[in-house]
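Working notes, beginning with the structure itself.
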Amino acid sequence: MANILVNHSQSGDELTQKTALQWIYRFLQLAGRQMLPFCAGFLSSILPCVANAGDRLQEIRDVAIAANQALMRLVHRDDDEITPEYLKKYDPLTKRILGSQLNSDDASSSSEFHLQPIFYVLISNMLDKSVETRTAVLRWMLNLHNRVPMKMFLLADQLFPVLLKSLSDSSDNVVQLDLEVLAEISSSPAEAQIARHRSAILTSNTQHP
């Protein structure tokens with residue numbers, strides 16, 4: 001059902017698009033965090049629509065904005081729990097140090113919140129021609145930094161080049177938000193927290209080769 005709604009929300013037919021977005025918003029209201037696994041797909045449909053302008057497309061834009069806000073509320077601070085399996089999978093330094101010690105048993109839990117799919121949707125939409133979409137992306141990044149700072153920091157190597165490039169954006173609003181995201185992530189204690197998790201994993205692997 002989620003994939004069907006995503007496909008229809010990208011329709012060139014305005015009525016079909018609006019109806020699909022309304023259904024997405026309704027599902028988010030009713031099912032809440034059960035929709036979290038579908039967040040990236042919904043977000044890929046919603047972000048381009050927040051920029052719709054003009055009376056004819058205003059209803060689509062309003063629904064998209066409401067759905068976007070509902071999606072942002074799905075991510076909680078509890079989702080920032082970093083398991084050893086997650087760190088082994090997504091932390092480049094841990095993977096480099098452990099090397100051949102990594103194995104298929106290190107797969108992270110299917111119930112664990114994986115930020116990567118959402119992150120890649122956000123990065124791709126930073127190239128959108130609409131200022132409204134780009135600012136929506138940066139607000140998402142601030143929201144994620146506030147709620148899942150450690151998982152955001154693990155993506156810093158991919159995020160910083162995008163943020164630095166956006167400093168030359170033609171929109172003052174985009175630049176201001178971009179600076180805010182850079183400042184928040186640069187001053188985050190997440191790096192020290194991840195270092196403690198990393199140390200615990202490496203110690204455990206040393207004791208139990």
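Just so it is clear, the values below take in all heavy atoms, side chains as well, and ignore hydrogens, waters and symmetry mates.
With sequence neighbours excluded, the residues that form a side chain to side chain contact (heavy atoms under 4.5 Å, CB included) with S186 are F160. With sequence neighbours excluded, the residues satisfying ring-ring contact (aromatic ring centres under 6.0 Å, His included) with W23 are F27. With sequence neighbours excluded, the residues satisfying side chain to side chain contact (heavy atoms under 4.5 Å, CB included) with L179 are L167, V175. Contacts of R139 classified as side chain to side chain contact (heavy atoms under 4.5 Å, CB included), with partners at least two apart in sequence or in another chain: L177. With sequence neighbours excluded, the residues that form a salt bridge (Lys or Arg N to Asp or Glu O under 4.0 Å) with R33 are D79. With sequence neighbours excluded, no residue satisfies ring-ring contact (aromatic ring centres under 6.0 Å, His included) with F119. Judged as a side chain to side chain donor-acceptor pair (under 3.5 Å), and not counting sequence neighbours, the contacts of D169 are R134. Remark: P37 engages no residue in a side chain to side chain contact (heavy atoms under 4.5 Å, CB included) (not counting sequence neighbours).
Between Q58 atom CD and R61 atom CZ the span is 5.5 Å, to the nearest 0.5 Å. The CG atom of L182 lies 4.5 Å from the CG atom of L163; values are rounded to the nearest 0.5 Å. The CD1 atom of I60 sits 9.0 Å away from the CD atom of Q22 when rounded to the nearest 0.5 Å. The structure places CG of L43 at 7.0 Å from CD1 of I118, a figure rounded to the nearest 0.5 Å. In this structure, CD in Q17 is found 8.0 Å from CG in L57, a value given to the nearest 0.5 Å. Taking OG from S170 and NZ from K129, the interatomic distance works out to 13.5 Å, rounded to the nearest 0.5 Å.
The side-chain heavy atoms of S44 and Q10, taken from C-beta on, include a pair separated by under 4.5 Å. No side-chain heavy atom of I82 sits less than 4.5 Å from a side-chain heavy atom of Q193. Residues R26 and Q29 meet the side-chain proximity criterion, which asks for heavy atoms closer than 4.5 Å.
Side-chain heavy atoms closer than 4.5 Å link hydrophobic residues (I, L, V, M, F, W, Y) into clusters, and following such links, even through other members, never connects I4 to L28. Residues I24 and L30 do not share a hydrophobic cluster, clusters being chains of Ile/Leu/Val/Met/Phe/Trp/Tyr side chains in contact below 4.5 Å. L21 and L15 are not part of a single hydrophobic cluster, where members link through side-chain heavy atoms under 4.5 Å apart.
Sorted by first then second residue, the salt bridge (Lys or Arg N to Asp or Glu O under 4.0 Å) pairs that include residues 146-158, not counting sequence neighbours, number zero. Each salt bridge (Lys or Arg N to Asp or Glu O under 4.0 Å) pair with one or both residues in residues 190-199, not counting sequence neighbours, appears once here: D91-R198. Residue pairs meeting the salt bridge (Lys or Arg N to Asp or Glu O under 4.0 Å) criterion with at least one member in residues 171-190, sequence neighbours excluded, do not occur.
Taking the six-membered ring wherever Trp is involved, the centroid distance between the rings of H76 and F113 does not fall below 6.0 Å.
Around atom CD of Q116, more than 12 heavy atoms belonging to other residues, nucleotides or ligands sit under 6.0 Å away.
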Problem - Stepwise side chain to side chain contact (heavy atoms under 4.5 Å, CB included) check, L71 with W140 - result: CA-CA 10 Å; L71 271 178; W140 254 101; 3.7 Å; yes

Handout entry: H145/V181 under side chain to side chain contact (heavy atoms under 4.5 Å, CB included): CA gap, chis, key distance, verdict
Key = CA-CA 8 Å; H145 169 71; V181 176; over 6 Å; no

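For the residue pair A2 and F38, the shortest heavy atom distance occurs at CB-CD2, 3.5 Å. Of all non-hydrogen atoms in S9 and A20, the two that sit nearest each other are N-CB, 3.4 Å. V174 and S166 make their closest contact through CG1-O, 4.4 Å (heavy atoms, listed as atom of the first residue, atom of the second, distance). Nearest approach of A136 to L47, heavy atoms of both residues: CB-CD2, 3.9 Å.
No side-chain donor-acceptor contact under 3.5 Å links N68 to the backbone of A64. Under a 3.5 Å cut-off, the side chain of T16 and the backbone N or O of H8 do not form any donor-acceptor pair. Not a single donor-acceptor pair under 3.5 Å links the side chain of S199 to the backbone N or O of A195.
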Between side-chain atoms of residues 121-128 and protein atoms elsewhere (two or more places apart, or another chain), which donor-acceptor pairs fall under 3.5 Å?
from: S124; atom 1: OG; to: Y120; atom 2: O; distance (Å): 3.4
from: S124; atom 1: OG; to: V121; atom 2: O; distance (Å): 2.8
from: N125; atom 1: ND2; to: V121; atom 2: O; distance (Å): 2.9
from: D128; atom 1: OD1; to: S130; atom 2: N; distance (Å): 2.8

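Using cut-offs of 30° and 60° for the angle between ring planes, the H114 and Y86 rings count as tilted.
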